[in-house]
Amino acid sequence: MEGFVFPNEQHVTWTVMIVLYPYITGLVAGAFIVSSLHHVFGLKQLAPIARFSLVSAFVFLLFAPLPLLNHLGRPDRALNILITPNFRSAMSGFGFIYALYAIILVLEIWFDFRADIVRRYEAASGLARRVYRVVLLGATYRDERTDRLDKKVVKTLAGVGIPVALILHGYVGFLFGSIKANPWWSTPLMFIIFIFSAIVSGIAVLTFLYLFVTWNRRLTRNQATVDTLARFLWGFMMVAVVLELMEVLSLAYEQTEEWSVLRELITGRLWVSYVVLQLLTCSLGPFLLLSAVALLKLPLRISNLLVFLSSVLLLTQVLLMRWNVVIGGQILSKSYRGFTSYLPGLFEREGLVVAAVIVIVPFLLLREFDKRFPFFPVPAREEPS
Amino acid sequence: MSTTSPGQAGPPTRYVRRVFLLVGVALVAAALLQRAARPATWGELGNYRTAGLTAILATEPVHLGKEGCARCHAEIFGLHEKDFHFDVECEDCHTPGREHVRFHDRFPTGGDPALAALASMPKEYTREGCLFCHRRLGARPRAFAQIEPAEHYAFLGVNDPQTRCIACHSPHEPIFLLAEVKRARIHPVIHECIHCHDTKPEGDYTQVDSHPAMFVCSDCHEGIVEDFESRKHSFMRCTACHLYHPENEDSGRILVNGNRRFCLLCHEDAPFRTGAKQPLVDSKAHLEMIADALELDAAELAADPRACLRCHLDKIHGDVVRK
């Protein structure tokens, strides 16, 4: 406690679980945007990871509500948000946006994988064959016409999915940005910042996984894919970080009454997590690394290593950004004259171990999916960037 | 390209329609399910069940109020009512008591141990539990008892930072008042420098130009305050012993705490105290030694709540008070 803190502010209510929630939904939205860059905008360089990004989006989507459920005192009442929604609260939108997005993703994955499932159906027998038939909803046939049709449907769904993905994550930013009592959150820029940081985290996680998997399995990686991911990562991270800085700069320039306490927050409680780690280490660092990759002619190994490092740093940057927003806004007293503090425990219900499990399990699930429907079955031929 | 089920190979768009039809049916089913799952009277008056109001009114409260506890715990209730926690409900620390009372009403002599365990109420008082109300916060009224743990422990020479509050204070009579706080004398409101200033300024308010006039102890008790300033305890505020309980903007109740257990809050020898800050005594052995040396009735001295003041009043006040 420091300064003038109200008694009901001693306890930080939104814990590390609420830090994870926007982080995971950001990964969902970002991964989906990457898949759409191929499906909708025809970026052929991203074809090798289009399916991978689509399934990643779906797997992360499955786990997005988990931190919220773990945070709720009565998770058994979670569905009430769908049964008796109160539309005067922005939170009531979550269930519907989430459900709509889940439907689009499931449909897109179904159409994208349909031809593969038909092949499996053809090769299978007995119970497996019956299971495949059910999964295919009886549509066990395929030819060139159906393949073209599937692609067309995937393209349409991806097109519809882009605004829904942006709404899903923009909505999370809106939740924070619309809390006018909190000067650290209340800004119309918040949802735009959340959307761009989501895209950054999505591209970063796919870059990280693609480079890691191809390195780990000694697969020939498609260099054009890596280069394209690196360029997009570079571009979107610049926009995201500049937006974050512009938000703070506008507050500082306006010199409103909130700024006096926000300045103390930034230079005091959030100095390490925001200034040192988020901005100087995890934003400036990858910016310099990706600039070097984009502007200098580096050996391929070095270039890919820098891209890999950048993806790790940017994944950390977005996580830190979520932490600094969610926790920073709560350790600031509503009196504007004091600060409280928050440090999660290790083994408690909403502690760091549970948080780590929630982050790691989607990756394990991705691995399981990969075992059944390999994302990178045939080593791609290396292409010059 | 193969057609695995030639009989089914109709127009290729059929399965697409089928999938979207399925999604449509699922959405309609979900909408119907939502409507069916919605409580009957929900939305009539607002975003809640109208019937919920009646249901809530018919709910038996889980909190009983401290009078419910007094039925069986009269002795503790007496202590609690006398001391400064008199306006704190028992259930604030002990959690709701309905099941506890139900069980003991039903099984006055015991009952199933498993049920008894369920009906038992927590007694442990963690330091965080106490600090929830007593941690020093700028937003609390200054007259409210509040501490910064590290500073409080340093002041008292407590060397173990994990020492719990109940090592010295009893939750039921936190400062061992001799008289009931609710019956203490009405006293005009007391202003102290630290009610507005973070630390006590040197001098007094009369030395500051245009400082608002305020009422301080020495205004009326000049001789006593002057005498106190020359005593061992002069580093303490008058209200440390003459506790002031504000009741409104103009007045409160003031009382004198002369209980030896109050003195022992600082002076009792304990493993977590260094003894560097203040003299420490093993009170039991000390009283026995005094009774022996002065040929007093040991039992009577041990039972005297003001035993410390018999010999040590001069560390606080001189004859000016006795007179």
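Quantities reported herein were computed from a predicted structural model and do not represent experimental measurements. Per chain, numbering begins at 1; letters A, B, ... match sequence-line order.
Using a distance-only test at 3.5 Å, with no hydrogens or angles considered, a donor-acceptor pair links the side chain of B:Glu91 to the main chain of B:Gly65. Under the 3.5 Å distance criterion, the side-chain polar atoms of B:Glu99 are left unmatched by any main-chain donor or acceptor of B:Ala119. Judged purely by atom type and a 3.5 angstrom limit, B:Gln34 uses its side chain to pair as donor or acceptor with the backbone of A:Leu82. With hydrogens and angles disregarded, a donor-acceptor distance shorter than 3.5 Å links the side chain of A:Ser260 to the backbone of A:Glu257.
With ring centers used as reference points, A:Phe113 lies 6.0 Å or more from A:Phe111. Remark: aromatic rings of A:Trp14 and A:Trp185 are close, center separation under 6.0 Å.
For A:Asp76, the salt bridge (charged side-chain N to carboxylate O under 4.0 Å, His left out) partners at least two apart in sequence or on another chain are A:Arg74.
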Q: Output, in order, the C-alpha distance, side-chain angles, deciding distance and verdict of ring pair (Phe, Tyr, Trp, His ring centres under 6.0 Å) for A:Phe96 and A:Phe87.
A: CA-CA 11 Å; A:Phe96 297 100; A:Phe87 288 112; 5.8 Å; yes
Q.
side chain to side chain contact (heavy atoms under 4.5 Å, CB included) for A:Phe58 and A:Phe369? Distances and angles first, verdict last.
A. CA-CA 11 Å; A:Phe58 180 65; A:Phe369 197 100; 5.9 Å; no
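Near-neighbour residues of residues 20-27 of chain B relative to chain A, defined by a heavy atom under 4.5 Å from a heavy atom of that chain, comprise B:Phe20, B:Leu22, B:Val23, B:Leu27. Contacts between residues 144-161 of chain B and chain A, defined by a heavy-atom separation under 4.5 Å, are made by no residue at all. At a heavy-atom cut-off of under 4.5 Å, chain A is reached by B:Pro39, B:Trp42, B:Asn47 from residues 39-49 of chain B, listed in order of number.
Within the 4.5 angstrom heavy-atom criterion, only side-chain atoms of B:Arg135, from C-beta onward, approach chain A. Of the two parts of A:Ile83, the backbone and the side chain both hold a non-hydrogen atom closer than 4.5 Å to a non-hydrogen atom of chain B. For B:Arg38, the parts lying near chain A are the backbone and the side chain together; criterion is any non-hydrogen pair under 4.5 Å.
For A:His71 and A:Glu350, the side-chain atoms include at least one donor-acceptor pair closer than 3.5 Å.
A distance of 10.5 Å separates CG of A:Leu127 from OH of A:Tyr132, quoted to the nearest 0.5 Å.
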